[in-house]
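Everything on this sheet refers to the single structure shown next.
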Amino acid sequence: MSEETKNNYGASSITVLEGLEAVRMRPSMYIGDTGKKGLHHLVYEVVDNSIDEALAGYCNNIEVFINEDNSITVQDDGRGIPVDMHEKEGKSALEVVMTVLHAGGKFDKDSYKVSGGLHGVGVSCVNALSEHMTTQVHRNGKIYQQEYECGKPLYAVKEVGTSDHTGTTQNFLPDRTIFTLTTVYDYEVLAARLRELAFLNAGIRLTLTDRREKDETDNYKTETFYSEDGLREFVQYIDKARERLIEDVIHITTDKFNTPVDIAMIYNTSYNENVYSYVNNIHTIEGGTHLAGFRRGLTRTLKKYAEDNKLLEKLEKQKIEIDGNDFREGLTAVISIKVAEPQFEGQTKTKLGNNEVMGSVDQAVGEALGNYLEEHPKEAKTIVEKVILAATARHAARKARELVQRKSPLSGVGMPDKLADCSSRDPEKCEIFLVEGDSAGGTAKQGRSRQFQAILPLRGKILNVEKAMQHKVFESQEIRNIFTALGVTIGTEDDSKALNITKLRYHKVIIMTDADVDGSHIATLILTFFFRHMKELIENGYVYIATPPLSLCKKGKAEEYCWDDRQRQAFIDKYASGDDKGIHTQRYKGLGEMNETQLWDTTMNPENRTLRQITIENAAEADAIFSMLMGDDVAPRRDFIEKHATYAKIDA
Ligand code: 0RA
């Protein structure tokens with residue numbers, strides 16, 4: 001080794017340390033946040049490396065284990081990360097991958113790295129943010145291993161055995177000093193992401209096993225996600241509780257100007273548009289050029305077909321103009337494209353900016369959909385009729401929608417009569433409680449802190465928007481009250497359905513219903529409304545659910561509120577040595593049974609209440625759940641409720 005190389009070696013190992021130290025100093029810059037989302041992101045980051053290996057054609061199985069200590073193991077049957085000496089760094093390639101920022105796959109220029117987590121930061125970030133990590137590589141008939149603490153190797157890569165197969169196994173324990181909120185993994189969150197990955201990458205088998213607890217038959221909970229048909233199955237999964245308008249799934253797979261385009265679409269009989277777009281397996285929540293290309297191609301092709309076949313004359317006579325939204329009513333679609341160098345923009349960095357992609361997707365849709373329509377005249381006619389109906393209904397709904405299209409909601413003026421507003425005008429400090437029923441609404445008005453808490457009582461069950469046509473939604477008084485009170489409007493110059501939340505008056509929108517079956521049904525109805533018509537509110541983390549207690553336990557002078565039976569038992573154990581004689585339990589059947597002080601103390605006072613923030617971890621999964629919970633089909637709903645007997649779990 002020359003003197004110069006030696007110096008380089010020294011210098012580069014310093015940069016290595018700085019690199020990972022930077023990750024530990026500012027973890028959110030690399031993984032988004034250090035809450036539950038960031039914690040789960042670590043798993044995605046590791047799994048993505050294995051997915052890349054599978055997409056390169058060398059790996060078929062990826063197994064994820066949640067271990068007893070809440071560490072995670074990800075195991076694949078790929079070629080194994082190379083372990084030979086990395087010339088520049090002077091150490092094993094494996095060590096470089098594990099300890100150098102952005103080093104993943106760098107030494108293999110031919111590999112077409114398309115996967116990669118939202119932040120695409122690589123496994124070294126996971127290593128930096130783990131108390132302990134072990135990597136094992138099966139390769140060349142041997143097993144190689146290295147361990148780390150907070151990203152620092154404990155020893156050089158060593159051989160620990162022989163092997164008759166190849167693959168990579170990563171085990172990591174997230175650092176408790178960084179993930180201070182929680183280090184407990186949520187099985188359902190990981191399952192939803194692995195299911196999504198299986199649909200997005202046909203032919204890869206992903207398995208999730210929870211080693212933390214065993215079921216009645218002494219087995220670990222485990223599920224395997226595998227899709228032979230990819231997106232074709234994905235849209236069917238999303239739409240399983242909806243009725244098809246046409247039987248076919250329209251599936252488009254092509255490679256346009258080096259952009260692999262994969263799209264599956266279904267038309268159903270609902271009035272909702274459900275289009276999910278992905279770039280390199282990342283859900284692009286804010287859309288972007290691929291989505292714009294899809295919409296453009298869809299509108300152009302369907303419109304041309306309808307015009308060529310003289311199907312639009314009726315509308316022309318009524319002087320109704322078709323609008324892009326009309327082509328997407330009742331459409332469920334998944335768009336998945338691969339881009340070598342994606343540019344992500346927008347607030348959450350999930351909006352694709354690459355301009356060249358728009359034309360690729362537009363053309364891909366134009367050709368494939370054009371062919372489909374020509375070859376399936378009966379289905380084509382059914383789709384166009386639905387579009388015409390949508391245009392007609394939209395025309396009729398315009399008046400109703402104008403009711404929530406006020407240009408500038410002046411504070412206080414024109415607010416719903418039922419709203420008891422707060423005095424502060426600073427949205428960040430303000431909260432609004434959407435309360436079930438006038439009586440509970442009255443109690444809440446008396447109990448609240450007038451300065452920053454507003455109350456809007458809602459009458460019983462609000463409209464099930466999952467089943468209602470657009471104009472019904474905007475004609476509903478309760479729903480208009482919600483729009484007006486929140487200061488949210490609909491419709492901009494170029495999109496009649498775009499939501500405007502810049503004038504949102506409260507940054508906490510809290511759903512407060514009884515802690516019983518009816519209450520959770522009402523909460524689900526309200527959530528469905530938010531999910532379908534004010535999704536940005538959920539995406540920005542403004543929507544919460546209040547959690548009123550189930551009972552008040554008393555023994556002598558001691559009294560405690562209880563939110564579940566475990567707490568009640570704890571009270572009995574504490575004050576009556578486990579014997580519930582002499583314990584007085586006041587069960588709250590509804591919010592109305594509490595007086596204003598009790599409601600404030602338990603449910604509204606920020607000092608001691610528990611709010612559950614609603615998050616959409618996985619939009620496609622949430623959609624499938626909402627359409628099922630709120631749709632016509634009873635059987636899947638019953639299955640779901642039985643499986644999640646305690647609470648239909650849509651949030652975190
Ligand atoms: C680059 C080159 C080669 C394998 C990999 C990356 C690889 C990385 C990961 C990460 C998780 N699992 C993985 N499996 C493979 C191999 C190049 C060769 O064998 O020639």
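Remember, it's 1-based here, ligands and their atoms both numbered in the order they're listed. Position 1 is the first residue of the sequence; numbering continues from there.
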* Asked: Where on Cys59 is there a heavy atom closer than 4.0 Å to ligand 1, on the side chain, on the backbone, on both, or on neither?
  -> neither
* **Over 12 non-hydrogen atoms of neighbours within 6.0 angstrom of NZ in Lys256** => yes
* Of Thr135, Asn127, Val43, which meets side chain to side chain contact (heavy atoms under 4.5 Å, CB included) against Phe172? -> Val43
* Asked: Aromatic ring centroids of His132 and Tyr148 under 6.0 Å?
  -> no
* Examine Arg139 against ligand 1 and note whether any of their N/O atoms are separated by less than 3.5 Å. => yes
* Asked: Would you say Gln170 contacts ligand 1, with heavy atoms under 4.0 Å as the rule?
  -> no
* Asked: Going by the atom numbers of ligand 1, which of them fall below 4.0 Å from some non-hydrogen atom of Thr168?
  -> 12 (N), 13 (C), 14 (N)
* Please work out whether the ring planes of Phe234 and Phe199 are parallel, tilted or perpendicular, with thresholds of 30° and 60°. => parallel
* Atoms of ligand 1 less than 4.0 Å from Glu53 heavy atoms? -> 4 (C), 5 (C), 7 (C), 14 (N), 15 (C)
* Would you mind telling me which of Thr183, Leu181, Asp186 makes a side chain to side chain contact (heavy atoms under 4.5 Å, CB included) with Lys36? => Asp186
